[in-house]
Amino acid sequence: MVRDSIFNVDGQFLEIEMGRCLNCGHVVDLTLLKTRQVEKSRVPAKQEEVLV
């Protein structure tokens, strides 16, 4: 994965962190992944208990 920048149709630079796979071209929104990791760290581990 490498960091990549995104341009819109008008050629204006957008400040969006994207990761792009050099092998297949898959694009990942790095800001979204960072936000999800922060939210996961806030959730207590005991909350996911299954009652039988």
Side-chain angles (χ1 to χ4, degrees):
M1 293 292 263
V2 295
R3 287 187 182 214
D4 203 358
S5 56
I6 295 182
F7 296 88
N8 68 2
V9 179
D10 296 329
Q12 298 173 350
F13 183 72
L14 300 176
E15 296 277 345
I16 299 175
E17 291 184 49
M18 302 298 286
R20 182 173 45 88
C21 178
L22 292 174
N23 291 325
C24 68
H26 179 76
V27 178
V28 177
D29 183 350
L30 298 177
T31 305
L32 180 63
L33 290 178
K34 288 178 188 176
T35 304
R36 287 180 180 170
Q37 289 175 349
V38 169
E39 289 176 1
K40 273 188 174 181
S41 67
R42 291 182 186 168
V43 176
K46 295 281 183 179
Q47 188 177 5
E48 297 182 11
E49 287 183 14
V50 177
L51 299 176
V52 180

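Side chains included, hydrogens not; waters and symmetry mates left out as well; all remaining heavy atoms used. Here the structure is a predicted model, which is why all the values come from computation and not from measurement.
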> Going by the side chain to side chain contact (heavy atoms under 4.5 Å, CB included) test, name the single residue among Val28, Val2, Asp29 that passes it with Met18.
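The residue from Val28, Val2, Asp29 that satisfies side chain to side chain contact (heavy atoms under 4.5 Å, CB included) with Met18 turns out to be Asp29.
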> Please report the interatomic distance CZ(Arg36) to OG1(Thr31), rounded to the nearest 0.5 Å.
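OG1 of Thr31 is found 12.0 Å from CZ of Arg36.
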> Starting from Val27, can I reach Leu30 by hopping between I/L/V/M/F/W/Y residues whose side chains sit under 4.5 Å apart?
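Each belongs to a different hydrophobic cluster.
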> Just how far is it from atom CE of Met1 to atom CZ of Arg20, taken to the nearest 0.5 Å?
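With rounding to 0.5 Å, CE (Met1) is 9.5 Å from CZ (Arg20).
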